[in-house]
Amino acid sequence: MSILIYAEHDNTELKSETAKLVHAAQQLGSEINVLVAGYQCAEVAQAAAQIAGVNQVLVADNAVYTHQMAENIASLVSELAVDYSHILAAATTTGKNFMPRVAALNDVAQISDIIAVESADTFVRPIYAGNAIATVQSSDALKVLTVRASAFDAAELDNDAPVQNIDLVHDNTLASFVDAELTVSERPELTAADVIISGGRGMQNGDNFALLNGIADKLGAAIGASRAAVDAGFVPNDMQVGQTGKIVAPNLYIAVGISGAIQHLAGMKDSKIIVAINKDEEAPIFQIADYGLVGDLFDILPELEAAL
Amino acid sequence: MKILVPVKRAIDYNVKVKVKADQSNVDLANVKMSINPFCEIAVEEAIRLKEAGIATEIVIVSIGPAVCVEQIRTALALGGDRGIHIATDLDLDSLQIAKLLHTVVVKESPDLVILGKQAIDSDNNQTGQMLAALSNMGQGTFASKVVVEENMVAVTREIDGGLQTVKLSLPAIVTTDLRLNEPRYASLPNIMKAKRKPVETIAADSLSVALASSVKLIKVMSPAQRVGGAKVADVNELVAKLRTEAKVIA
């Protein structure tokens, strides 16, 4: 078994998903290489080399990979795939974008969003928004897998794996990057945060999300939202936690003014501790919360901030 | 321009699915089925492009058993012009679906294919990207904005850190995210009219596509249930428990 992991990064920083994928890969075999595809991404490669269990880091450092466009990256990974039994990428918007293209180019299935490895060919994944858990077995020679990183612990950082540059340039005329509008925040990213505080429709408007800031500051938390809050236009979609947003599993998840639609629970029910604050004591969120507090969030949030 | 919109018949999003007692699969007997919500957004986007005078024809395609024609008719009632039903009783994977759709792309030569980013049953999020690879087209996945320009389409994509805009040369593949639009409801006169719109049925096994899947479903289980339900009286009790009992805050 030889495994290639696609490193999640933004050319400057290696994201936390990658060490978790290495841990998942260790359940498949011991020959583990990490591919860093980007531009001027040497620091990312050095960071990847520190992950325990990594044999080698391959770096495709070229301007054509600056924005990790699916068309270029899929061609690159597809060419490298011949040497591997498994290719893993995080089930982020990057991995979800290019990996099915890799699978199709190599004429194999993709298994999406795995949450456990049963054996080298058998994997566990949620379906129906996590309301059912499927175990599937692939007979393809090459397994193309996207991995729900939050379902795996991170591998340690005590390695010094060799870094090798690969000189493969895959450009395309089909698609080009125009621009990106990235949310600038001092807070941790949702998928990497130990603590998350999320607001729902009960927040009533976007301005009231400021009530979460002080608590988030004190806890070092990321701020999320339910789909209802996003659909109502309170906050941008990249804050959405749920089946159609981000899947998170922090140590502490505080749901404020969130009723607990299946859609939202699918994105956060694997959190270690869940706190629910809602004025409706019948809200379904309380059924899965470790600590439920019934009351008006506009009274409770200032009190909570003061108490921390 | 011609737009192709594949739609999937899937469990209605309001229905909570149950797992069969023998763990062989989920139980879909007598369950309400609908167009997958993301596919509905794809249909709506195509209709808006037609209303804006950009698109001239919208072709709806669905793959599956005979009952899929219901979803094709729904899409035609919303504003599709004609339908193609690729008939099969097999449970296909995304790769086989993408290969069948590719045969339609070759035959119909659409300028744009708009699909939902994922189906709410299998949650795979694969078909659009696979179709783009097989058709050697550029892809704009998870779209929140689609602007057609001359021989190009600009797609604004929902990505983890915010938004990204890409330009694709036509023909191209777009997959829809939630905020792209809010689908309309079909009016009764349009539902009646849709019954007279043409729907062509093609047998999937006549299309020279290998339909066997390489992925076997071993079992389906219910997710582990969280044991929650405990309440605290006030903020002080909450903070005390988080500190001393759960030990998740300092």
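Naming: A, B, ... by sequence-line order, numbering from 1 per chain. Remember, it's a predicted structure, so these values are computed and weren't measured experimentally.
Residues A:P100 and B:Q126 share a closest heavy-atom pair of CB-O, 3.6 Å. Of all non-hydrogen atoms in B:D123 and A:R125, the two that sit nearest each other are O-NH2, 3.3 Å. Pairing each heavy atom of B:V26 with each of A:A132, the nearest pair is CG1-CB, 3.8 Å. Heavy-atom minimum distance, A:E71 versus B:Q139: OE2-N, 2.8 Å. Contact record, A:A104 with B:L95: CA-CD1, 3.9 Å, taken as the closest heavy-atom pair.
Contact of the B:I120 side chain with the A:Y128 side chain is not registered, since no non-hydrogen atoms from C-beta on lie closer than 4.5 Å. By the 4.5 Å heavy-atom criterion applied to side chains, B:V235 and A:I300 are counted as neighbours. Between A:R101 and B:M130 the shortest side-chain heavy-atom distance does not fall below 4.5 Å. Side-chain contact between B:R179 and A:V230 is present, with heavy atoms from C-beta onward closer than 4.5 Å. The side-chain heavy atoms of B:L134 and A:L105, taken from C-beta on, include no pair separated by under 4.5 Å. Residues B:E158 and A:D238 have side chains not in contact (no heavy-atom distance under 4.5 Å, counting atoms from C-beta outward). Counting only heavy atoms from C-beta outward, the side chains of B:N124 and A:Q110 never approach each other to under 4.5 Å. Using a 4.5 Å heavy-atom threshold, the side chains of B:I249 and A:L308 count as touching.
Look at A:D107 and B:K99 and you find a salt bridge, because one of the NZ, NE, NH1 or NH2 atoms lies within 4.0 Å of a carboxylate O, short of that distance. Salt bridge annotation for A:D290-B:R226: present, with a cationic side-chain nitrogen under 4.0 angstrom from a carboxylate oxygen.
Neither the backbone nor the side chain of B:L131 comes within contact range of chain A; no heavy atoms are under 4.5 Å apart. Contacts between A:M69 and chain B at a heavy-atom distance below 4.5 Å involve the side chain alone, from C-beta outward. Contacts of A:T173 with chain B are made by backbone atoms alone, with heavy-atom separations under 4.5 Å and no side-chain atom involved. Heavy atoms of A:I288 lying under 4.5 Å from chain B belong to its backbone as well as its side chain. At a 4.5 Å heavy-atom cutoff, A:D113 makes no contact with chain B through either its backbone or its side chain. Contacts between A:L265 and chain B at a heavy-atom distance below 4.5 Å are absent for every atom of the residue.
Under a cutoff of 6.0 Å and an axis angle of 45°, B:K231 and A:Y291 do not form a cation-pi pair.
The CD atom of B:Q164 sits 8.5 Å away from atom OG1 of A:T94, with the distance rounded to the nearest 0.5 Å.
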